[in-house]
Chemist: 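Supplied in structure tokens, the structure appears directly below.
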Amino acid sequence: MSPMFNHLKIGLKGYDPLQDSYHNGLHIHVELKPALEPKRCPYCQCSRLLSKGRYQRKVRHLDCFREPSTLVVHTRRFLCSACSRSFLPELPGIRPGRQSSELFRQSIYELHHQGVCARTIAQKQAIGEATVERIYQQFTCRKAAERIDLKCPQYLGIDEHTLHKGQRFCTTFCDLKNHRIFDVQPGRSEAELHDFLCKLKEKDRVRVVCIDLSSPYRRLIQMHFPNAQIVADRFHVVRILNYHFLQLARLLAPTLKSNRGYLAAMRKAPERLSSKQKQRLDELFETHPVLQPIYQQMHQLREIMNSKHQTKKQCRQRLKDLLQHIKNIAACQAQPMQTLARTLSNWLEPIACMWRFTRNNGITEGFHRKMKLIQRRAYGFKNFNNYRLRVIAQCG
């Protein structure tokens, strides 16, 4: 049997083929290559090693032709003449203390990750359900541990989502360029996220951070990502506009509170109104003429905020229009308009960057939907670390 054929059959390098036998399943006998045998003691680094005799290591391996297979590794146990300790050489693809190869364990992890339940995998592979869960957790922990050494993504999306009553809010860090979750951390305040952000590596390479209009997040970005440009998320900006304008409409026309049809028609863009909604708006403006200029100004601002792929020259013109709208809004003495004017004035630069930057936190919100499904499938998580591991495994 050629070495190339043996490598293709077992999927592991570093072994020479010996023979195959069949006894309660296929047994593949291989021998560790002489070049991989230890030259020094792992405890004292002494080079004077003695052989204590032959040793066989048997582990469960990948199925071959739909038959369970066992990998039998023929090697030697060594004795150090200096410290008198015995040890076994490191075996490629087989970790110490494990009863199965890494390829077999990875296949179990991938099946469970794809949605096959632990009971089905356990019955098919003749192993315990607890073994399936343990393998899945080990691979997931390994994948989560890699996050510590990962570099910060260039385009980062930060947003919050809810978990459960005991841990009300969590913060999601999303890699917007590669469309994957970078990490999930409990809390959303500066004190709760400070330690995590201090441990991140190469924070200087972050160029853009997309957030909603959250002042705590903005302070954290300015503190920990000095080279990052803050970009406002378009969805949240438009939602704040609609909220404050509709609050003003409710103050001027109290009957709107009990009529959701009017509110839905006012919230909807003019070009997307159905004929029935247009008729409702005409009836509303006839009854309350003061609402028509509010509706027009709200959607003029919405159109400005929805501008995309703008050049620097176009952004300057958009900014002039926005400043004029803020001036008109601030002239109104109603509390919703005063609050909206202050918010837009404080976030002028991130809003202007929003017109240039093509991505937004819609990617992050999509992952939040998947996280909710993970929570429902597990009937909730009491341990946040288990939740984090599952999110990284399925969204990272």
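Please read these numbers as outputs of a predicted model, since none were measured by experiment.
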Chemist: Between the side chains of Gln310 and Gln317, does any donor sit under 3.5 Å from an acceptor?
Modeler: no
Chemist: Could you work out, with side-chain hydrogen bond (donor to acceptor under 3.5 Å, both in side chains) as the rule, every residue matching Gln99, not counting sequence neighbours?
Modeler: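 Once residues adjacent in sequence are excluded, Gln99 has no partner under the side-chain hydrogen bond (donor to acceptor under 3.5 Å, both in side chains) criterion.
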Chemist: Would you check if there is a donor-acceptor pair between the side chains of Arg272 and Gln277 at a distance under 3.5 Å?
Modeler: no
Chemist: Give every donor-acceptor pair under 3.5 Å between a side-chain atom in residues 230-242 and any protein atom, sequence neighbours left out.
Modeler:
{"residue": "Asp233", "atom": "OD1", "partner": "Asn361", "partner atom": "N", "Å": "2.9"}
{"residue": "Asp233", "atom": "OD2", "partner": "His236", "partner atom": "ND1", "Å": "2.6"}
{"residue": "Arg234", "atom": "NE", "partner": "Met305", "partner atom": "O", "Å": "3.1"}
{"residue": "Arg234", "atom": "NH2", "partner": "Ser307", "partner atom": "O", "Å": "3.1"}
{"residue": "Arg234", "atom": "NH2", "partner": "Met354", "partner atom": "O", "Å": "3.0"}

Chemist: Using the side-chain hydrogen bond (donor to acceptor under 3.5 Å, both in side chains) criterion, which residues pair with Gln247? Sequence neighbours excluded.
Modeler: Arg250
Chemist: With distance as the sole criterion, is a donor-acceptor pair present between the side chains of Thr287 and Glu283 under 3.5 Å?
Modeler: no
Chemist: Distance alone, cut at 3.5 Å: any donor-acceptor contact between the side chains of Thr172 and His161?
Modeler: yes
Chemist: Between the main-chain N or O of Gly261 and the side-chain N or O of Asn259, is there a donor-acceptor pair closer than 3.5 Å?
Modeler: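 Yes; at least one donor-acceptor contact below 3.5 Å.
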Chemist: When the side chains of residues 74-90 are checked against the rest of the protein, which donor-acceptor pairs come out under 3.5 Å, sequence neighbours left out?
Modeler:
{"residue": "His74", "atom": "NE2", "partner": "His29", "partner atom": "ND1", "Å": "3.0"}
{"residue": "Arg76", "atom": "NH2", "partner": "Glu37", "partner atom": "OE1", "Å": "2.8"}
{"residue": "Ser81", "atom": "OG", "partner": "Arg48", "partner atom": "O", "Å": "3.0"}

Chemist: Only counting residues at least two apart or in another chain, list the ones meeting salt bridge (Lys or Arg N to Asp or Glu O under 4.0 Å) with Arg207.
Modeler: none
Chemist: Quiz question: by atom type and distance under 3.5 Å, do the side chains of Tyr217 and Thr171 form a donor-acceptor pair?
Modeler: yes
Chemist: Between Arg54 and Glu31, does any NZ, NE, NH1 or NH2 come within less than 4.0 Å of an OD or OE carboxylate oxygen?
Modeler: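 Looking at Glu31 and Arg54, the cut-off is met.
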Chemist: Suppose the criterion is ring-ring contact (aromatic ring centres under 6.0 Å, His included): which pairs have a residue in residues 283-339, not counting sequence neighbours?
Modeler: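 Checked against ring-ring contact (aromatic ring centres under 6.0 Å, His included) - neighbours excluded - the pairs reaching residues 283-339 are Phe285-Tyr295, Tyr295-His299.
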Chemist: So, Glu271 and Arg302, do they make that salt bridge, N to O below 4.0 Å?
Modeler: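 Yes.
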